[in-house]
Each structure stands twice: as C-alpha cells, then as structure tokens.
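In what follows, a single structure is set out as structure tokens and then discussed.
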Amino acid sequence: MGNLTVRALRAVLVVVLTGTVFVQALMVWALVSGSDPEDGSLPLTPLRVITILGIGAAQVALVCVWRLVTMVRCGTVFSHAAFRYVDGIIGAIVAAALVWFAVTAVNAPGQRDDPGVTLIMGGIGVAILGVALIVLVLRMLLAQAVARDVEAAQMQAELDEVI
C-alpha cells in the first residue's frame, strides 16, 4: 500500500471519527439537557439512544480499520494479531445492523399506512448483515494467507538448515 494511499485513508478516518464524536456529543447533550422537546410525531429519546449506539459501532469499526492500516504499513497484517481487528469490524457491522433493526422497530408504528417503508428498512438491515458476511469471508481469506505465510516461513527455515 502506497504512502499516499495510507495518508489519504488516515485523513478520511480522522475526519469521519472527529465528525462522529462531535455528532455523538451533541446527541448526548440533547438527551441529557432535554433542550429539544418532543412534538409527538416520533419518539425522539429512543431514536437518540439508538443513534448514539450506532455511531459508537461505526467508531469501533473506524478504530479497527486504523489499526489494520497501521499493520499493513508495518508489514505485520498477515499475523494472528490482525484477527482481533477484523473481528472488531465484523462485530461493529453486526451491531450496526441490530441498531438499524431497532430503528426500524421504533419507526414501524408510524408507518401503518405504508408498511412498505418498514419492509424496505428491514431489507436494508439484511443488507448490512450481508456486509458482515462479506467481511467474514475476507477474514477467512486472511486466515488462509496467514497459514500460507507460516508454512512458507517453516519451509524457508528448513531450506536454510539444508544449505
């Protein structure tokens, strides 16, 4: 991975993480202070709590990606230590899907006249779970690459002994 690519990705991660922390802080402030009265059209307090949790899931994924980029830069991504961060990303995506299903459930009573919206929202949640499955497949590929790397190191050690 090129130096420019790593710097660009890190810049994007910093901007997104900073933005999510700012929005999350504003959401917590609105929740704690009660400065935004509910007008009755939507249950704002549950939606705020769900949003704060969803942003937290995104932040976990951002930090895990940062760590993986660091490992790529150092050349240590093909090690067992990388699995912890990939598992963190998978967990964050699953958590985001669960948060989305919670938003769908909170929004569903207001959609009685148009249940298609709830179905579409449920479909989006399933798609988010699909992304988690894609990352799981990529994790399996990483596991194969790590196994091949270990095998190659063993073969190199045997070859060094012979020579």
Side-chain angles (χ1 to χ4, degrees), residues 1-2 4-74 76-77 79-143:
M1 189 180 281
L4 180 63
T5 306
V6 170
R7 288 178 189 250
L9 181 55
R10 284 185 174 171
V12 168
L13 291 173
V14 165
V15 169
V16 173
L17 189 59
T18 304
T20 59
V21 168
F22 179 71
V23 169
Q24 198 173 34
L26 289 177
M27 297 287 283
V28 168
W29 175 253
L31 226 147
V32 171
S33 70
S35 62
D36 188 17
E38 297 184 22
D39 64 356
S41 61
L42 279 175
L44 290 179
T45 301
L47 283 174
R48 281 191 186 111
V49 170
I50 292 168
T51 302
I52 291 167
L53 293 174
I55 291 172
Q59 290 167 341
V60 167
L62 291 170
V63 170
C64 288
V65 169
W66 181 280
R67 292 295 302 145
L68 285 171
V69 168
T70 301
M71 292 180 82
V72 167
R73 194 79 179 121
C74 296
T76 60
V77 75
S79 65
H80 292 286
F83 291 116
R84 151 179 48 181
Y85 302 113
V86 175
D87 291 341
I89 292 170
I90 293 170
I93 295 170
V94 170
L98 294 175
V99 164
W100 184 257
F101 286 130
V103 168
T104 303
V106 168
N107 189 45
Q111 299 297 328
R112 291 191 181 160
D113 294 336
D114 191 9
V117 171
T118 303
L119 289 174
I120 291 169
M121 290 177 72
I124 291 170
V126 171
I128 294 169
L129 286 175
V131 172
L133 288 173
I134 291 169
V135 176
L136 181 62
V137 169
L138 294 173
R139 184 193 186 281
M140 290 180 204
L141 292 172
L142 177 64

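- Among residues two or more places apart in sequence or in another chain, the salt bridge (Lys or Arg N to Asp or Glu O under 4.0 Å) test is passed with R139 by D87.
- Taking the side-chain contact (heavy atoms from CB on, under 4.5 Å) definition, one finds that I124 meets it with W100, I120, I128, sequence neighbours left out.
- For M140, the side-chain contact (heavy atoms from CB on, under 4.5 Å) partners two or more places apart in sequence, or in a different chain, are L136.
- Annotation: side-chain contact (heavy atoms from CB on, under 4.5 Å) contacts of V14 (sequence neighbours excluded): T18, W66.
- Distance check, rounded to the nearest 0.5 Å: CZ of R7 to CG of L4 gives 8.5 Å.
- Nearest heavy atoms, M71 versus A82: CE-N, 3.6 Å.
- Note that CZ of F83 and CG of L68 are 11.0 Å apart. Values are rounded to the nearest 0.5 Å.
- When each of L31, V99, V28 is checked for a side chain to side chain contact (heavy atoms under 4.5 Å, CB included) with V49, only L31 meets the rule.
- For the pair Y85 and V77, the minimum side-chain heavy-atom distance is 4.5 Å or more.
- Within the structure, no pair that satisfies the salt bridge (charged side-chain N to carboxylate O under 4.0 Å, His left out) test touches residues 88-103, not counting sequence neighbours.
- In this structure, N107 and T118 have side chains that are not in contact, with every pair of non-hydrogen atoms separated by 4.5 Å or more.
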Under 3.5 Å donor-acceptor pairs involving side-chain atoms of residues 53-65, not counting sequence neighbours:
residue: Q59; atom: NE2; partner: T20; partner atom: OG1; Å: 3.2
residue: Q59; atom: NE2; partner: Q24; partner atom: OE1; Å: 3.0

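- The structure places CE of M27 at 10.0 Å from CD1 of I50, a figure rounded to the nearest 0.5 Å.
- In this structure, the separation between CG on L138 and CD1 on I134 is 7.5 Å, given to the nearest 0.5 Å.
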